[in-house]
Amino acid sequence: MKLKLSDFLKCMSASISVLMVTSLLAVTPAQAAGGGGPEIKRQVWSFNGFFGKYNKAQLQRGFGVYKEVCAACHGLKLLSYRNLVQVGGPEFSKEQALAIAKEATIIDGVDEDGEPKEREGKLSDRFASPFKNDTQARASNNGALPPDFSVIAKARTYHRHVPWYTEPYYWAYDMATGYEEKGVDYLYALLTGYKTPPRGMKLGDGMNYNEVFPGHQIAMAAPLSEDAVEYADGTPTSLNQHAKDVSAFLAWASEPHLNARKDLGKRVLIYLTILALLLFLAKRSLWARVKH
Ligand code: HEC
């Protein structure tokens with residue numbers, strides 16, 4: 001028997017429909033979420049989109065939250081105190097950054113007895129770590145290691161609650177809108193995601209329930225509260241505000257040159273637009289005398 005092309009196509013389309021329907025049924029929301037939990041909301045950040053930039057007042061507030069709360073457990077070892085002065089960051093004055101550095105205790109070399117020597121920090125020093133080593137960090141935190149914050153906003157992400165076959169659509173949408181804040185949105189959701197555990201859920205010893213942390217049990221107790229830190233610029237304090245500001249600060253720490261990158265991008269786009277226009281006009285005048 002000869003197989004006709006139309007039969008073959010019919011057969012193919014039927015199998016594709018069956019496959020799509022079964023996968024629709026198979027991917028329940030709970031599975032797509034990778035273990036449940038609410039969808040992580042996209043926040044409005046000053047640095048959203050192709051042209052968004054960091055807000056220096058927000059970065060200064062975020063640094064305040066980091067220093068007063070998070071720095072007790074989390075290091076930022078790839079950042080130096082001088083980075084706080086850099087354009088495109090919190091842009092503290094040199095004097096302010098020096099005062100911040102001087103509060104830190106830096107271990108530098110050994111004294112005549114061979115003991116580690118301590119001195120106060122200077123602008124060229126990297127941020128001092130809260131613990132001498134990972135073993136000490138774990139020993140102080142119920143066995144869990146507080147991760148270093150240098151690239152945390154880039155190192156974290158989340159999965160959308162959508163069927164897998166719609167993912168390419170979201171990739172294209174994110175590319176078209178310049179969405180690159182998955183990590184920061186996760187940080188904000190984590191910091192505001194401490195809730196009472198659902199009834200019947202047994203938490204491990206010293207663990208806390210968080211609705212967006214994978215597995216929902218996190219060793220870090222809720223670090224923020226309504227009035228965790230006073231803001232020098234008079235911004236009203238709230239848990240959400242603290243979470244927003246510290247997340248923005250961590251986004252900057254992960255990508256300190258974002259402002260410069262976007263500035264350059266803008267200039268390249270303007271340059272290419274003018275170039276395209278000139279090339280178009282040149283082409284028109286070159287071909288004007290040729291019959292076609
Ligand atoms: C008392 C110590 C302590 C303080 C203070 C603290 N943390 Fe943590 N943090 C931890 C520990 C411990 C972990 C590891 C948790 C785990 O693996 O279960 C952690 C993990 C994290 C993580 C990683 C979560 C993940 O997805 O892996 C982030 C982000 C974080 N903390 C943010 C913060 C921020 C922001 C602050 C300040 C507002 C802060 N932490 C203050 C101890 C602390």
Side-chain angles (χ1 to χ4, degrees), residues 33-41 43 45 54 58-79 90 100 103-104 127-160 181-195 197 201-232 235 237-255:
E39 180 80 75
I40 289 186
K41 287 202 193 77
Q43 301 298 321
W45 302 103
Y54 294 127
Q58 180 171 51
L59 297 190
Q60 293 200 357
R61 292 196 300 273
F63 171 74
V65 178
Y66 166 73
K67 186 168 151 272
E68 296 296 324
V69 186
C70 325
C73 299
H74 295 274
L76 249 177
K77 61 180 178 211
L78 296 185
L79 222 61
I100 293 165
E103 281 175 31
F127 273 55
S129 288
F131 301 107
K132 288 201 178 89
N133 47 56
D134 286 359
T135 314
Q136 193 192 50
R138 279 187 193 278
S140 322
N141 283 286
N142 198 18
L145 182 68
D148 185 84
F149 273 170
S150 305
V151 292
I152 194 88
K154 294 275 174 204
R156 292 293 181 273
T157 185
Y158 62 87
H159 296 291
R160 294 188 184 87
E181 289 81 34
K182 262 184 138 181
V184 203
D185 284 341
Y186 167 76
L187 293 183
Y188 178 81
L190 178 85
L191 293 171
T192 52
Y194 285 89
K195 301 272 149 74
M201 181 174 175
K202 266 196 113 185
L203 289 173
D205 231 11
M207 299 300 265
N208 307 275
Y209 181 78
N210 187 298
E211 61 178 3
V212 302
F213 187 68
H216 304 304
Q217 297 202 43
I218 182 162
M220 169 173 73
L224 292 172
S225 60
E226 199 78 356
D227 47 7
V229 184
E230 282 282 315
Y231 285 138
T235 305
T237 61
S238 67
L239 193 152
N240 289 4
Q241 186 69 43
H242 285 140
K244 202 93 201 253
D245 293 341
V246 78
S247 303
F249 170 73
L250 295 177
W252 167 75
S254 292
E255 196 184 354

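Reckoned from all heavy atoms, side chains included, excluding hydrogens, waters and symmetry mates. In listed order, ligands and their atoms are each counted from 1.
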- prompt: Closer than 4.0 angstrom: is that true for some heavy atom of Y66 and an atom of ligand 1?
  reply: no
In short, P90 meets Q60 closest at the heavy-atom pair O-NE2, 2.8 Å
Separation between OG1 (T237) and CG (L224), nearest 0.5 Å, reads 11.0 Å
Between L78 and S150 the two heavy atoms that sit nearest each other are N-OG, 3.1 Å
ask   = Between V246 and V229, is any pair of side-chain heavy atoms under 4.5 Å apart?
value = no
- Message: Check this for me: N133, atom CG, are more than 12 non-hydrogen atoms of other residues, nucleotides or ligands nearer than 6.0 Å?
- Response: yes
Closest to atom 12 (C) of ligand 1 (heavy atoms only, candidates V69, N141, D245) is N141
Is a donor from one side chain sitting under 3.5 angstrom from an acceptor on the other, for Q43 and D185? no
(request) Determine whether L76 and Y66 make a side-chain contact, defined as any pair of heavy atoms from C-beta on separated by less than 4.5 Å. (result) yes
If we number the atoms of ligand 1 from 1 as shown, the ones under 4.0 Å from a heavy atom of L190 are 24 (C), 28 (C), 29 (C)
L191 and L239 have their tightest heavy-atom pair at O-CD2, 3.8 Å
Here the atoms of ligand 1 under 4.0 Å from any heavy atom belonging to L191 are 34 (C), 35 (C)
L224 heavy atoms within 4.0 Å reach ligand 1 at atoms 38 (C)
Taken to the nearest 0.5 Å, the spacing of L79 CG from F63 CZ works out to 9.0 Å
Contact region, L145 to ligand 1, non-hydrogen atoms below 4.0 Å, reads backbone
* Asked: With no hydrogens and no angle check, do the side chains of N240 and S238 hold a donor and an acceptor under 3.5 Å apart?
  -> no
Hits for ring pair (Phe, Tyr, Trp, His ring centres under 6.0 Å) against Y209, two or more places apart or cross-chain, chain-then-number order -> H216
The atoms of ligand 1 lying under 4.0 Å from a heavy atom of I218, numbered in the order shown, are 15 (C), 18 (O)
Atom 18 (O) of ligand 1 has as its nearest protein heavy atom A219 N, 2.8 Å
Note on atom 8 (Fe) of ligand 1: protein N/O/S atoms within less than 2.8 Å are H74 NE2, M220 SD
min-distance protein heavy atom vs atom 26 (O) of ligand 1 -> Y186 OH, 2.6 Å
So H242 and Y231, ring pair (Phe, Tyr, Trp, His ring centres under 6.0 Å) or not? Walk me through it. CA-CA 10 Å; H242 285 140; Y231 285 138; 5.2 Å; yes
So the atoms of ligand 1 within less than 4.0 Å of a heavy atom of L187 turn out to be 29 (C)
Within the 4.0 Å heavy-atom cut-off, what R156 brings close to ligand 1 is side chain
the protein heavy atom lying closest to atom 33 (C) of ligand 1 turns out to be F149 CZ, 3.3 Å
